[in-house]
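Notes follow once the structure below has been shown.
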Amino acid sequence: MTTLTAFDRQVWQATLRHFRPPEPSPYLADPVGWIRDRLGEHVWSKQREIAESVRDNRRTAVKSCHNAGKSWIASRLCAWWLDTHPPGEAFVVSTAPTYKQVHAILWEEIRAAAKKAAAKGKPLPGRVLQSDEWKLDDGTLIGFGRKPADTDEHGFQGIHRRYVLVVMDEACGIPGQLWTAVEAITTNADCRILAIGNPDDPATEFAEVCKPGSGWNVIRINGLETPNMTPDLVAAQPSLAELFDRLGLGPSAEFVPEGLRPLMLDPEWVADKITRWGVESPRFTSKVLGDFPDIGEDVLIPPALIRAAQERECQPGPWSILGVDVARYGSDRTIIMLRRGPVARVVGDYAKQSTTETTGKVIAACREYHVDEIRVDGVGVGGGVVDQLVEQGHDVVDMQAGAAAIDSEHFANARAEWYWGLRERFEAGDIDLDPADDDLAAQLGAIKYKITSRGQVQIESKDDMRKRGLPSPDRADALMLTAAAPAMPDQIVEDEDIVDADASISLY
Ligand SMILES: Nc1ncnc2c1ncn2[C@@H]1O[C@H](COP(=O)(O)OP(=O)(O)O)[C@@H](O)[C@H]1O
Ligand SMILES: [Mg+2]
């Protein structure tokens, strides 16, 4: 019988350790504990629900309000996934509609997580690069983020790991074929998909997976149930308090660290949206209530077209048109929209302003932007602005929305014809909107049309919108003015006409 020397024993133990699989991380079953212990961060209740769902379900879909910490929790789960699985056996893929969403949001949060772990003295494995890739120290790629245009169906091929986690951020904007590609790399039971986003478009794959029976675990984050909706903060916003009452909801009693509060959905912001968008607008349903709006056939410009216009980056054209929508009631706003070819931006937004002040702002905008054509909504108070501009020597197109359409066979009035022209621009991909202009997007998405008994297109009137609890679509109207077909010669009010003042204004 041979006896092992102490040295032999050490050699044997080292050899056995080498061949024995590493102990699974105790945090594999505890993503929330991992975030707390490794990064020192707090996870609020819905983020916890998301984390536990990703641990337990192959497919998780989160439809959520704005600013709920969706991208944040997704980034933490990416870090947890790669840190708790054996090195080289796990992989993380993320995608989102735009490069900015991939690079500046999700992967920026992943880089922040890596920095936090390092600062706490226990770095995450490998390195997270500025190129939105994660590599082990030996160069092995263990994760990356790509926008859909850079990852066609084949872009994900070749990822053969046992543990793959795919994050689809802003999932409503991710095209259908990418969902198929994601399914193809997550075929085994150890893989996970997390699709998160604002549910703004019911005509998407994201909406399909959020339906009951889809096989996905669906989590909804209603903004009215987020941690800042405390009794005090809700009571401070009367319109919000009234909404809570109407929906029979109680305020939140959830503890979150004070440092987190300023980053999360703000009751004052919600109250502002109640006024600016209206509780009944599709955008309020998605951005605040975290649910898919009911978007019927009667919506003039579907959400996907609005989103595409916001994501598009076009070169401005040579011809500059100003569209001026003049406020009529106390809460309405006067909007000056500038369109240069496909590129349209609000360049003036004023409340409670006299017509002379508006005229001054229009003239200033003309000089600043070298405007070729001014179009003013000349109905009601706007008529005063038309007169004053003409008096000061400017050529103005007096836009009378209630007048007959040029093609009166198909359109109930000029407003319908102009709005239809705007819709066609969206369909043709010939419009580039400010991605940050949520109010414009909200107003455009709320406009409905119908076909009259005579077969003409008719746009819902502002009065009917008001009755539905929607504010006046000032920004959308100003855009529509810039996008209407070229002016008819008799619409242009020129200086000489002003001599015969009354007649020149009533053009029809
Ligand atoms: N639990 C958390 N701890 C610290 N910061 C957080 C947490 N959740 C969210 N944040 C921060 O709050 C902000 C909004 O979160 P984000 O994930 O971008 O929201 P969403 O994707 O829902 O719009 C970001 O600055 C994010 O870093
Ligand atoms: Mg986000």
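We use all heavy atoms of the structure for the numbers below, so side chains are in, but hydrogens, waters and symmetry mates are not. One-based numbering, in listed order, for ligands and for the atoms of each. Along the sequence shown, residues are numbered consecutively beginning with 1.
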Closer than 2.8 Å to the Mg ion (ligand 2), do we get an N, O or S atom from Gln101, backbone or side chain? no

Is the closest side-chain heavy-atom distance between [X] and [Y] below 4.5 Å?
X: Glu427; Y: Leu305; answer: yes
X: Lys63; Y: Asp291; answer: yes
X: Trp44; Y: Ile73; answer: no
X: Pro471; Y: Arg276; answer: no
X: Arg58; Y: Arg192; answer: yes

Does the N or O separation between [X] and ligand 1 drop below 3.5 Å for any pair?
X: Ala68; answer: yes
X: Gly69; answer: yes
X: Trp72; answer: yes
X: Asn67; answer: yes

For the pair Ser214 (side chain) and Cys210 (backbone), establish whether a donor and an acceptor sit closer than 3.5 Å, ignoring hydrogens and angles. no

Side chain Glu49, main chain Ile219, donor-acceptor under 3.5 Å: no

Measure [X] to ligand 1 on non-hydrogen atoms and call it side chain, backbone, both or neither using the 4.0 Å cut-off.
X: Lys70; value: both
X: Gln47; value: side chain
X: Ile73; value: neither

Where do Val167 and Ala74 come nearest, in terms of heavy atoms and distance? CG1-CB, 3.8 Å

For ligand 1, which atoms have a heavy atom of Ser71 less than 4.0 angstrom away? 17 (O), 21 (O)

Ligand-side contact atoms (ligand 1) for residue partner His42, heavy atom cut-off under 4.0 Å: 1 (N), 2 (C), 3 (N)

Looking only at protein heavy atoms, which one is nearest to atom 11 (C) of ligand 1, and how far off is it? Leu263 CD1, 3.7 Å

Is Glu109 in contact with ligand 1, taking contact as a heavy-atom separation below 4.0 Å? yes

